[in-house]
Amino acid sequence: MRIDLHTHSTASDGTEAPGEVLAAAAAAGLDVVALTDHDTTVGWDEASESARRHGIDLVLGTEVSARAHGISIHLLSYLQDPSHSALTAELDKTRDARVGRARAMVELLAQDYPITWDDVVAQSHDAVVLGRPHIADALVARGIVPDRNAAFARLLRADGPYHVPHYAPAGVDAVRAIRASGGVPVFAHPGADARGEVVPDAVFDALADAGLAGLEVAHRDHSPAQRARLTAIAQRLGLLVTGSSDYHGSGKSNRLGENLTDPEVLAAIEDQGTTKVVRS
Ligand code: AMP
Ligand code: FE
Ligand code: FE
Ligand code: ZN
């Protein structure tokens with residue numbers, strides 16, 4: 001069983017439509033894939049239809065933006081009720097805040113580079129969630145940087161001069177909202193220290209107390225040292241351990257199936273979730 005529990009579509013900052021992500025996952029030989037766009041469930045219907053057509057099982061999810069210890073963190077929510085207000089209210093607030101934040105970042109960038117808000121809108125296509133990758137694509141289209149990676153490294157990184165934070169719920173509140181909505185919360189890439197500062201151990205204890213179900217340990221942004229640290233934390237707190245690609249289409253070099261989750265772990269997630277896995 002090849003199970004990949006973290007992918008993005010054009011609903012957020014991936015480059016393939018939800019149906020295309022499912023087609024690509026089937027073509028990559030996956031048995032199960034999760035669609036986890038940032039702060040939205042808008043791709044779920046198209047993905048479900050495509051999963052049945054391509055004969056692949058689908059775990060419906062969302063990657064929820066949150067904050068802890070002054071750091072931006074991501075919590076994967078699997079199999080929640082997509083209409084439950086506990087989570088939708090937070091996601092609505094975050095998506096709204098992301099628009100003002102993106103505008104503020106473009107204003108800062110425009111002082112030094114030839115980039116406009118319309119450039120970013122043009123790159124966001126059918127996204128309902130605006131993120132730094134769309135600003136990166138606008139910088140690439142203008143020839144200011146060669147690719148998304150360079151845009152982040154030179155201009156968009158969290159500790160850079162053009163970065164503006166956006167509203168996101170506290171991690172413990174996001175975990176509680178995910179659980180209240182019948183979802184299963186898994187901390188996404190918690191040790192991705194190349195992207196910036198990562199949270200200290202005490203944050204894992206607080207999130208576990210709030211109802212966290214698991215940690216995404218097998219992820220390309222984790223060094224061997226971070227994997228060892230996270231595996232030990234998961235054991236200490238009795239958390240599930242997942243692995244995933246964090247596929248963004250051509251927007252990142254991450255390849256579908258490059259990290260996988262054990263079938264027993266998926267079974268535990270499905271047991272705890274409200275929405276059923278879409279079986280092909
Ligand atoms: P935002 O949600 O607007 O803060 O942007 C974060 C998103 O940017 C992440 O979900 C990744 O998809 C993407 N990202 C972060 N770091 C990089 C990087 N170094 N290169 C390319 N994309 C990145
Ligand atoms: Fe992303
Ligand atoms: Fe993430
Ligand atoms: Zn992601």
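Remember, predicted model here, so these are calculated numbers, not experimental data. All ligand and atom numbering here is 1-based and tracks the order in the structure.
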task = Return yes when at least one N/O/S atom of Asp13 is nearer than 2.8 Å to the Fe ion (ligand 2), and no when none is.
result =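 It does: Asp13 brings an N, O or S atom closer than 2.8 Å to the Fe ion (ligand 2).
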
ask   = Does any N, O or S atom of His8, backbone or side chain, fall under 2.8 Å from the Fe ion (ligand 2)?
value =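 No N, O or S atom of His8 is closer than 2.8 Å to the Fe ion (ligand 2), so no.
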
task = Examine distances only and state if a side-chain atom of Asp92 and a backbone atom of Ala89 form a donor-acceptor pair shorter than 3.5 Å.
result = no

key: Sidechain-backbone polar pair: Thr62 side chain, Val64 backbone, donor-acceptor under 3.5 Å   = no

query = Listing by chain and number, what protein N/O/S atoms are under 2.8 Å from the Zn ion (ligand 4)?
reply =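 Sorted hits: His6 NE2, His8 NE2, Glu63 OE1, Asp246 OD1.
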
request  = Kindly write out the residues that satisfy side-chain contact (heavy atoms from CB on, under 4.5 Å) with Glu258, not counting sequence neighbours, or none if the list is empty.
outcome  =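 Partners of Glu258 under the side-chain contact (heavy atoms from CB on, under 4.5 Å) test: Arg220, Ser245, Asn254, Arg255.
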
inquiry  = Using ring centroids (six-membered ring only for Trp), state whether His222 and His189 fall under 6.0 Å.
reply    = no

inquiry  = I'd like the contact residues of ligand 1, where contact means a heavy atom below 4.0 Å.
reply    =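 Within 4.0 Å of ligand 1, the protein residues are Asp13, His38, His74, Arg98, Arg101, Gly131, Arg132, Pro133, Asn149, Phe152, His248, Lys252.
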
ask   = Does NZ or CZ of Lys93 come closer than 6.0 Å to the centre of the six-membered ring of Tyr167, within 45° of the ring's axis?
value =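 Yes - Lys93 lies over the ring of Tyr167, closer than 6.0 Å to its centre and within 45° of its axis.
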
request  = May I ask you to decide whether Arg132 forms a salt bridge with Asp13, counting only side-chain N to carboxylate O separations under 4.0 Å?
outcome  = no

Min side-chain heavy-atom separation Gln80-Thr275 under 4.5 Å =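 In short, these two side chains do not touch, never coming nearer than 4.5 Å.
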
ask   = Should Tyr162 and Arg154 count as side-chain neighbours, where that means a heavy-atom distance under 4.5 Å?
value =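 In short, these two side chains do not touch, never coming nearer than 4.5 Å.
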
key: Residues, nucleotides or ligands: over 12 heavy atoms within 6.0 Å of Asp45 CG   =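 Open: at most 12 neighbouring heavy atoms sit under 6.0 Å from CG of Asp45.
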
Kindly list each side-chain donor-acceptor pair under 3.5 angstrom involving residues 120-127, sequence neighbours excluded, with atom names and distances?
residue, atom, partner, partner atom, Å
Ser124, OG, Val121, O, 2.9

